[in-house]
Undergrad: 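Next up is a structure, given as structure tokens.
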Amino acid sequence: MKFPVNGAFFFAIIAIYWYYFEFCRYQDLPQFMGGYVDPRFKLVGETFRKNVNNGLEVGGAIAVYYEGELVVDMWGGYIDREVLIPWKNDTLGLVYSCSKGIGVILLGIFAEKGYIDFQERVSHYWPEFAQNGKESITIEMLINHQAGLHYLEEPLEMELFITDFDQFASKLALQKPHWTPGTQFGYHCFTFGMYVDVLLRKADPLKRPLEQIYREELFKPYDLDIFQGTPYSEQYRTVSVLTEKYWWEVVDSFFDIVPYIASRILFAPHICKASTALLFNQLTDSDTKLIPSTSVNAYSTARSLAKLYGNLANAGYNKGKDILSKSILNELTKVKLSGTDQVLLLERALGLGFMLHPLPKGGYMFGYAGFGGQVAYGEMTNRISIAHITNHLNPIISLNDERWSSIITAIYDSLEKIKKH
């Protein structure tokens, strides 16, 4: 009888020790905050400040563009709270699947230049792709997660894309779809970028490396502090420590318990299959940061992500410097698909490549959300964009992230007040 008592006492001590060193010891750290907020959007700034001060954020940044003007540009917390490195105005965060939205914009540029046609078959640009049931897959099917290629039978190493591109492309071309292409849609977590990246290189008339395509077609011409394939010379600015939220931080009430458990039981097998498509070291590894990946590996400031989507949201008013024309934006942002995502088992709406996020009073924002709480969206009706980057990751896709929901509410409450005056 003594062992259970002693054992319980031992584990209680361990639990207390762990709780203190993993949570309580950070509560009294000084909070760093910087940036600018237009008085019209002060509620947004106050909301972000509250999220940092109450521990919802470890470190992060938020930016908002309205009618072509930067109206919120804030950052706070820590890049690494172990050694007290604060988040700074030029910190580059890993944006995970927001990388996909940047890729869709680049595809839009390619379409406007005549390099690709969204209705054309992928094999028109990549002949080797036309095998094992993929012959009919169009670019639209591919970027709308309809191809049935959400995981690979033979996983690929991420670095193979830059060390042996031909082998990387050939292995991708061998994969058979897991459903009849075009009959349903399901999130292609890692494979989206793998196939899009090969397509971009194949369709590029100059046959440039992917990081060069991004830099020359998008990042440099529009003065964006974004990287696909982040060079060593810029990695001193990147987030190097990512922390995942604990279950009690994401399950706020009894009503959250069911989706929390469901995400672990139902989503996990699908996501695990998808995640084995790509083999890589930890994403924050310096050599991994060098590898461009439209699926997950872009680094950016919140300011530049918001600027990118702000340009799209403000199309026609950018004094001749629109990234994309209104006509192609209308194609990219109108609802093409809606229903149950067969991988995530969530209700979703998609444009042409973009995810569409429903707004509180109807309509959609276009863009992408990334793992953990990363967000990059634009909305043309109000000519507004938002970007949020964080290193404190919410692991549950099915639960509404409190940081995002509070910020989007503050933005649209601010817009209502502006319109009343």
Side-chain angles (χ1 to χ4, degrees), residues 97 99-101 103-104 106-107 110-111 116-158 160-161 164-203 210 266-280 293-296 332 335-356 368 397:
S97 284
S99 307
K100 295 179 175 72
V104 171
L106 181 57
L107 286 167
F110 266 38
I116 64 167
D117 181 337
F118 288 112
Q119 306 307 316
E120 185 61 81
R121 294 181 181 187
V122 174
S123 59
H124 177 77
Y125 311 95
W126 179 6
E128 192 180 9
F129 183 84
Q131 58 178 302
N132 292 331
K134 301 191 301 301
E135 293 83 356
S136 65
I137 296 175
T138 64
I139 294 178
E140 178 174 345
M141 289 180 195
L142 183 66
I143 65 176
N144 271 359
H145 305 266
Q146 295 177 284
L149 299 169
H150 56 294
Y151 69 93
L152 305 180
E153 301 294 345
E154 295 293 333
L156 285 177
E157 292 185 3
M158 192 174 183
L160 196 62
F161 183 78
D164 193 338
F165 172 74
D166 290 338
Q167 184 182 357
F168 184 90
S170 293
K171 287 189 173 183
L172 282 180
L174 291 172
Q175 179 61 47
K176 297 178 181 178
H178 299 289
W179 62 66
T180 303
T183 60
Q184 59 188 47
F185 70 94
Y187 192 48
H188 289 42
C189 181
F190 287 106
T191 53
F192 177 96
M194 299 166 78
Y195 282 100
V196 165
D197 290 344
V198 174
L199 173 64
L200 284 165
R201 287 198 57 181
K202 295 285 187 179
L210 185 64
L266 298 177
F267 301 168
H270 299 280
I271 295 299
C272 286
K273 281 184 178 179
S275 65
T276 58
L278 200 57
L279 303 176
F280 47 81
S293 169
T294 296
S295 285
V296 295
L332 295 175
V335 179
K336 297 277 188 178
L337 293 169
S338 63
T340 303
D341 182 304
Q342 297 301 310
V343 173
L344 298 179
L345 305 180
L346 297 173
E347 294 300 306
R348 284 177 175 255
L350 290 81
L352 180 53
F354 283 130
M355 293 292 181
L356 303 178
Y368 255 91
I397 297 170

Undergrad: Check Pro177 against Ala147 and note the closest heavy-atom contact, atom names and distance.
TA: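 Smallest heavy-atom distance, with atoms named: CB-O, 3.4 Å.
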Undergrad: Over 60° means perpendicular and under 30° means parallel, so tell me whether His188 and Trp179 are parallel, tilted or perpendicular.
TA: perpendicular
Undergrad: With side chain to side chain contact (heavy atoms under 4.5 Å, CB included) as the test, pick out the partner of Ile139 among Val196, Asp117, Asn144, Val122.
TA: Val122
Undergrad: According to side chain to side chain contact (heavy atoms under 4.5 Å, CB included), who are the partners of Gln131, at least two apart in sequence or on a separate chain?
TA: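 Result, side chain to side chain contact (heavy atoms under 4.5 Å, CB included) vs Gln131: Glu128, Lys134, Ala173, Leu174.
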Undergrad: Counting only N and O atoms by type, is there a donor-acceptor contact under 3.5 Å from the side chain of Gln175 to the main-chain atoms of Glu153?
TA: yes
Undergrad: For the side chain of Lys100 and the backbone of Cys189, is there at least one donor-acceptor N/O pair under 3.5 Å apart?
TA: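 Side chain of Lys100 to backbone of Cys189, a donor-acceptor pair under 3.5 Å: yes, one is there.
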Undergrad: Between Phe129 and Ile137, does the side-chain contact (heavy atoms from CB on, under 4.5 Å) criterion hold? Intermediate values first, please.
TA: CA-CA 9 Å; Phe129 183 84; Ile137 296 175; 3.9 Å; yes
Undergrad: Give a yes or no on whether the backbone of Tyr151 and the side-chain of His178 come within a donor-acceptor separation of less than 3.5 Å.
TA: yes
Undergrad: For Phe118 and Leu332, run side-chain contact (heavy atoms from CB on, under 4.5 Å): C-alpha distance rounded to whole Å, both residues' side-chain angles, the deciding distance at 0.1 Å, then the answer.
TA: CA-CA 10 Å; Phe118 288 112; Leu332 295 175; 4.1 Å; yes
Undergrad: With rounding to the nearest 0.5 angstrom, report the CG to CZ distance, Asp341 to Arg348.
TA: 5.5 Å
Undergrad: Looking at every non-hydrogen atom in both residues, tell me the closest pair between Tyr368 and Gly101 and how far apart they are.
TA: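 Taking Tyr368 first and Gly101 second, the nearest heavy atoms are CD1-N, 3.4 Å.
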Undergrad: What's the spacing between Tyr195 OH and Ser295 OG if we round to 0.5 Å?
TA: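 The OH atom of Tyr195 sits 11.0 Å away from the OG atom of Ser295.
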Undergrad: Output the distance between atom CG (Leu107) and atom CG (Leu142), rounded to the nearest 0.5 Å.
TA: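 Interatomic distance, Leu107 CG to Leu142 CG, rounded to 0.5 Å: 8.5 Å.
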Undergrad: Centre of Phe165's six-membered ring, under 6.0 Å away, within 45 degrees of the axis: is that where NZ or CZ of Arg201 sits?
TA: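 Checked: cation-pi criterion met.
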Undergrad: Walk me through it: do Leu210 and Phe161 pass the test side-chain contact (heavy atoms from CB on, under 4.5 Å)?
TA: CA-CA 10 Å; Leu210 185 64; Phe161 183 78; 3.8 Å; yes
Undergrad: To the closest 0.5 Å, what do you measure between CD (Glu347) and OG1 (Thr340)?
TA: 3.5 Å
Undergrad: Under the side-chain contact (heavy atoms from CB on, under 4.5 Å) rule, what do Thr138 and Glu120 come out as? Steps first, then yes or no, please.
TA: CA-CA 5 Å; Thr138 64; Glu120 185 61 81; over 6 Å; no
Undergrad: Determine whether more than 12 heavy atoms belonging to other residues, nucleotides or ligands lie under 6.0 Å from atom NZ of Lys336.
TA: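 Result for NZ/Lys336: enclosed.
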Undergrad: Of the non-hydrogen atoms in Ala169 and Val198, which two are nearest, and what is the gap between them?
TA: CB-CG1, 3.8 Å
Undergrad: Can you confirm whether or not the ring centre of Tyr187 sits under 6.0 Å from the ring centre of His145?
TA: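 Yes: the rings meet the under 6.0 Å criterion.
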Undergrad: Can you find a pair of side-chain heavy atoms, one from Phe190 and one from Leu156, that are under 4.5 Å apart?
TA: no
Undergrad: Looking at CG of Leu152 and NZ of Lys171, how far apart are the two atoms once the value is rounded to the nearest 0.5 Å?
TA: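 The CG atom of Leu152 sits 10.5 Å away from the NZ atom of Lys171.
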Undergrad: Could you tell me whether a side-chain N or O of Thr191 sits under 3.5 Å from a main-chain N or O of Met194, the two making a donor and an acceptor?
TA: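 Not a single qualifying donor-acceptor pair exists.
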Undergrad: Taking all atoms of both residues into account, what is the closest heavy-atom pair of Pro181 and Gly133, and its distance?
TA: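 Shortest heavy-atom contact: CG-O, 3.8 Å.
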Undergrad: Atom CD of Gln146 and atom CZ of Phe185: how far apart are they, to the nearest 0.5 Å?
TA: 8.0 Å
